[in-house]
Amino acid sequence: MNLRNDPHGRGVDTASILPPVTHDHPVRAQGNRLVAVADLDERRVVEVETAEHGVLAVGVTADDVPFATSNVCRHQYAKLGRGRVTDDGCLECPWHRADFNVRTGAMTAGPKGRIFGFKPYSAAFKAVGNAFRLRTFPVEVRDGAIWLRD
Ligand code: FES
C-alpha cells in the first residue's frame, strides 16, 4: 500500500496511482459546452464549472461514453472531478477510491484503504451512500466536445 499525504493533510491511501491533477481550477463551461474531449488527460475526468449546476465532474468512459455528475463524493466530500475513470467505466474518488456508476450515480464500491476499507464499514457506507446518489446530467459529444443536453 502506498500511503502519502494528500494536499488536505488527511494521509489517505492514494495507491490507485493517480497521475497529478493537471487542472488546479475547474474548467469553465461555455454555456452548455462543458469541455473538449481532447482536453481530458489520462484521468478521463475533470471539474467543470457551469452557470446552472455549479461544478460538475465531466468525462468519458474507456468506451467513449460521456458523462456529467455532481462533483462531491458521498463519503467525505472529495472532489470527484479530481479522481479518475476506471477501465470498467466507474468514477473513482481520489481520496478513498469509492466507485460510482456514472449513469445512475450509485456507489458501486465503498471506500477502500487501510482504515476506510474495513469491510463492514465500507459495505455499510456503500448502502448509506446509495440513499444519496450522485446527480447525473444528460450529455452528448458534439464537435469534439461534451455538451449538456437541453
Ligand atoms: S472521500 Fe470519496 S471515498 Fe472517501
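Start at 1 and go down the list; that is how both ligands and their atoms are numbered. Computed from heavy atoms alone, side chains included, the values below leave out hydrogens, waters and symmetry copies.
Remark: the backbone N or O of Arg135 is paired with a side-chain donor or acceptor of Ser70 at under 3.5 angstrom.
Crowding of Phe118 atom CZ: a count of heavy atoms from other residues, nucleotides or ligands under 6.0 Å not exceeding 12.
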Would you sort out whether Lys112 and Asp99 count as a salt bridge (Lys or Arg N to Asp or Glu O under 4.0 Å), showing the intermediate values? CA-CA 10 Å; Lys112 304 175 187 81; Asp99 289 328; 3.3 Å; yes
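Around atom 4 (Fe) of ligand 1, protein N, O or S atoms at less than 2.8 Å comprise His75 ND1, His96 ND1.
Asp64 meets the side-chain hydrogen bond (donor to acceptor under 3.5 Å, both in side chains) test with no other residue; sequence neighbours excluded.
A salt bridge is absent between Arg97 and Glu92; no separation between the charged side-chain nitrogens and carboxylate oxygens falls under 4.0 Å.
Aromatic ring pairs are classed by plane angle as parallel below 30°, tilted from 30° to 60° and perpendicular above 60°; the pair Phe116 and Tyr121 is tilted.
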